[in-house]
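So the structure is just underneath, and the comments pick up after that.
Letters go in sequence order (proteins before strands), and every chain restarts at 1. Just so you know, these numbers use all the heavy atoms, side chains as well, and skip hydrogens, waters and symmetry mates.
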Amino acid sequence: MPELPEVETIRRQLDPLLGGRTIVSVESHPAANFVSATDAQGARIDGVGRRGKYLIVPLEDGRELIIHLGMTGSLRIAPPGDRGDRYVRSRWELEGGDVLEFRDVRRFGRIAVVDAGDYRSLPTLARLGPEPLSPGFDGDVLWAGLKRSNRRVKTQLLSQRPVAGVGNIYADEALFRAGVNPALRRVTRAQAGRLAPAITAVLSEGIEHGGTTLRDYRTVSGEQGGHQFHLLCYGRAGEPCVNCGEELSGRVLDGRSTTWCRSCQPR
DNA sequence: GTTGCGTCCTGGACGC
DNA sequence: TGCGTCCAGGACGCAA
């Protein structure tokens, strides 16, 4: 399930492969989530950028190709004639014959072509919080974002408003490292001060390891990420806490599976 | 504007 | 072996 580290890993691999190339033809699944892919036909790609979990591909004509990988989306550069499997949702044929292929089993991904910066059709992107890897992101910025709402702190992180790019895996990991209970509705300045660097750290380490592969995620070159071997909390309910040895707890919180340590992350 | 919940989607795990 | 049920979860729409 691609979060910021997985999307950034893909961005770094795609950028040198796509920059300066022209999209000569496009095929797309007819579903509303994907069909806009065809709008990029004939455009020249300027590079590959990212905001949160969104890949943003600037086009020379002043528009942007936006790709969100959803839960099971992946991108690869396929050789000419390679049609992929039945889960390929969009194919952009590039000048020279290679094909940029978007594969998405569960069809939760999304593709849009918009005028640069006009994200009205993508409300989450339009209201996206600060980039957690930018120099300006710290405890004060996070606290200002969190204290505007009364929702649980984990639910707020997943909303992409207080900070961009955090999904279920890295939210659990960051809250665990910061010693912040995921169900808290009011976070103190001190807790935000611990949580912000924890978010930055887990995301940075996720990038260093090439992302987290639990099932579907693959890099552009088809490799699995390596961060699943470094998770301290997510998905480890019932196992001993690496800090205190107490059994990690698990429950569904606002519809999302959540793991935490009752001892290290008290209410 | 905020909050909480349902919906989309499909492969895999699991129980019978 | 085959069938039915449940689960995973990011974004978004809707009702309160």
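Phosphate contact (OP1/OP2 of dC9(B), side-chain N/O of Tyr87(A), threshold under 4.0 Å): absent. Applying the 4.0 Å criterion to OP1 and OP2 of dG1(B), one finds that Arg127(A) has every side-chain N and O outside that range. Taking 4.0 angstrom as the limit, Thr155(A) places none of its side-chain polar atoms (N or O) nearer than this to OP1 or OP2 of dT3(B). Listed pair His68(A) / dA11(C) meets the phosphate criterion, a side-chain N or O lying under 4.0 Å from OP1 or OP2. The side chain of Ser257(A) places no N or O atom within less than 4.0 Å of a non-bridging phosphate oxygen (OP1 or OP2) of dC7(C).
Residue Pro2(A) is classed as having no contact, given no heavy-atom separation below 4.0 Å to the nucleic acid.
For the segment residues 107-121 of chain A, residues with any heavy atom less than 4.0 angstrom from an atom of DNA chain B are, sorted by number, Arg107(A), Phe108(A).
In terms of position on DNA chain C, the residue among Thr124(A) and Gly255(A) whose nearest nucleotide sits closer to the 5' end is Gly255(A). Map Arg151(A) and Arg256(A) each onto its nearest nucleotide of DNA chain B; the residue landing nearer the 5' end is Arg151(A).
Aromatic ring orientation, Phe102(A) versus Phe34(A): tilted (interplanar angle from 30° to 60°).
Between Asp140(A) and Arg189(A) a salt bridge is recorded (basic side-chain N to carboxylate O distance below 4.0 Å).
Taken to the nearest 0.5 Å, the CZ atom of Arg148(A) stands 6.0 Å off from the CZ atom of Arg161(A).
The side chain of Met71(A) sits closest to dG9(C) out of dT10(B), dG9(C), dC12(C). Of the candidates dT2(B), dG11(B), dA11(C), the closest approach to any side-chain atom of Arg161(A) belongs to dT2(B). Side-chain proximity of Arg185(A) to dA8(C), dC12(C), dG4(B): nearest is dG4(B). Looking at the side chain of Tyr234(A), the nearest of the listed nucleotides dA8(C), dA11(C), dT3(B) is dA8(C).
If you measure from atom CD of Gln160(A) to atom P of dG9(C), you get 15 Å, rounded to the nearest angstrom. One interatomic measurement links the two molecules: CG of Leu125(A) to C1' of dA11(C), which rounds to 12 Å at whole-angstrom precision.
Axis deviation across the helix from dT2(B)-dA16(C) to dC16(B)-dG2(C) amounts to 50°, comparing end segments of five pairs, rounded to 10 degrees.
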